[in-house]
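Quick notes on the structure that follows.
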Amino acid sequence: MDAIMSNPVIQMLSDPVLYIGLGQGLLLTLEIAGVSIVLSSLFGTIIGAMRYSGFPVVSHLATTYIEVVRNLPQLLLILVSYFVLGLPAMWAATIGLTIYTSAIIAEVIRGGLNSVPVGQWEAARSQGFSFLQSMRYIVLPPAVVKMIPPIVSQFVTVIKDSSFAMAIGAYELMFKGTILAAKYWRPSQIITIYIVISLVYFAVNFVISTVARRLQKKLSTGRGTIGN
């Protein structure tokens with residue numbers, strides 16, 4: 001028993017400091033990712049609808065934004081938000097991720113809207129619906145079901161990419177793990193720390209994916225087969 005308790009890994013896993021540090025990092029990771037997901041969902045939907053709208057100027061502006069942002073590294077957007085805009089580390093990471101993710105979500109939204117049969121638009125117009133009313137009541141409900149898998153996939157990516165925030169000193173999960181790795185300096189301890197971090201990322205993303213699958217199944221009830 002003494003030999004087991006003297007094992008460096010066991011000693012580390014018995015230390016509350018490890019869990020407090022990783023817990024604090026996880027909270028900031030979820031905060032950055034959560035705010036970014038909410039904001040990018042809002043802006044991405046608006047930008048995607050703008051590109052799909054068919055109004056030349058509006059569509060061109062949305063297309064320009066999407067094409068420019070998609071071809072920029074997320075880390076660059078985070079660094080610009082931090083060093084150029086002077087935002088606090090947490091908000092710089094959040095804004096950088098939001099700018100990039102909004103462009104990706106916008107493309108998903110456009111693709112989902114393109115999947116809706118033209119006949120549904122014609123039916124909406126025949127009822128005197130405006131563009132916004134058609135989107136809200138006729139087009140978006142079936143389109144959203146098809147958008148869920150790629151959108152959730154992007155949300156999972158946001159959670160993982162929140163680790164870029166360590167580049168500007170945000171104490172998110174990955175950065176906290178790196179700090180703890182300096183405290184527990186033995187190779188076996190360092191490897192264990194990163195294994196624990198990997199399991200945490202997996203657990204969070206697995207929960208999100210599971211909830212999304214159930215939501216998709218619930219929303220698709222009565223709408224026909226949409227795939228797995």
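FYI, the numbering just counts along the sequence from 1. As the structure is a computational prediction, the values presented were derived from the model and not from experiment.
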If you look at every heavy atom in [X] and [Y], which pair is closest and at what distance?
| X | Y | value |
| --- | --- | --- |
| Ala106 | Ile66 | CB-CD1, 3.7 Å |
| Gly48 | Arg110 | O-CB, 4.4 Å |
| Met174 | Ser163 | CB-CB, 3.9 Å |
| Gly96 | Ser81 | N-OG, 3.8 Å |
| Ile148 | Ala212 | CG2-O, 3.9 Å |
| Ala93 | Ala165 | CB-CB, 3.6 Å |

Group every Ile, Leu, Val, Met, Phe, Trp and Tyr by side-chain heavy-atom contacts under 4.5 Å, then state whether [X] and [Y] land in the same group.
| X | Y | value |
| --- | --- | --- |
| Leu42 | Val58 | yes |
| Leu85 | Val69 | yes |
| Phe206 | Leu30 | no |
| Ile179 | Ile191 | no |
| Leu27 | Ile20 | no |

Is the closest side-chain heavy-atom distance between [X] and [Y] below 4.5 Å?
| X | Y | answer |
| --- | --- | --- |
| Ser162 | Leu97 | yes |
| Ile47 | Tyr65 | yes |
| Tyr82 | Leu79 | no |
| Thr94 | Leu87 | no |
| Phe175 | Thr29 | no |
| Ser209 | Val156 | yes |
| Met50 | Phe55 | no |
| Gln189 | Lys183 | no |

Just verifying a value: how many Å separate [X] [atom1] and [Y] [atom2], rounded to the nearest 0.5 Å?
| X | Y | atom1 | atom2 | answer |
| --- | --- | --- | --- | --- |
| Leu22 | Ile193 | CG | CD1 | 7.0 Å |
| Ser59 | Tyr52 | OG | OH | 11.5 Å |
| Arg70 | Thr101 | CZ | OG1 | 13.0 Å |
| Ser40 | Ile104 | OG | CD1 | 10.5 Å |
| Thr45 | Met147 | OG1 | CE | 7.5 Å |
| Ile190 | Thr178 | CD1 | OG1 | 10.0 Å |

Please answer whether the main-chain N or O of Pro149 pairs with a side-chain N or O of Ser153 as donor and acceptor at a distance below 3.5 Å.
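Such a contact is absent between Ser153 side chain and Pro149 backbone.
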Walk me through whether Leu75 and Asp161 qualify under side-chain contact (heavy atoms from CB on, under 4.5 Å).
CA-CA 9 Å; Leu75 180 57; Asp161 288 350; over 6 Å; no
Is it the case that the side chains of Tyr184 and Asp15 hold a donor-acceptor pair, with the cut-off being a distance below 3.5 Å and no angle test?
yes
Let's go through Tyr100 and Leu72 carefully: what are the C-alpha distance in whole Å and the side-chain angles of both, what is the deciding distance for side-chain contact (heavy atoms from CB on, under 4.5 Å) to 0.1 Å, and is it a yes or a no?
CA-CA 8 Å; Tyr100 183 85; Leu72 294 176; 5.7 Å; no
Quick one, Ile32 with Trp91, criterion side-chain contact (heavy atoms from CB on, under 4.5 Å). Give me CA distance, side-chain angles, the key distance, then yes/no.
CA-CA 8 Å; Ile32 292 172; Trp91 281 106; over 6 Å; no
Hey, is OH on Tyr19 packed in by over 12 heavy atoms from elsewhere, all under 6.0 Å?
yes
Apply side-chain contact (heavy atoms from CB on, under 4.5 Å) to Ile168 and Ile78, showing your working.
CA-CA 8 Å; Ile168 55 175; Ile78 293 173; 3.6 Å; yes
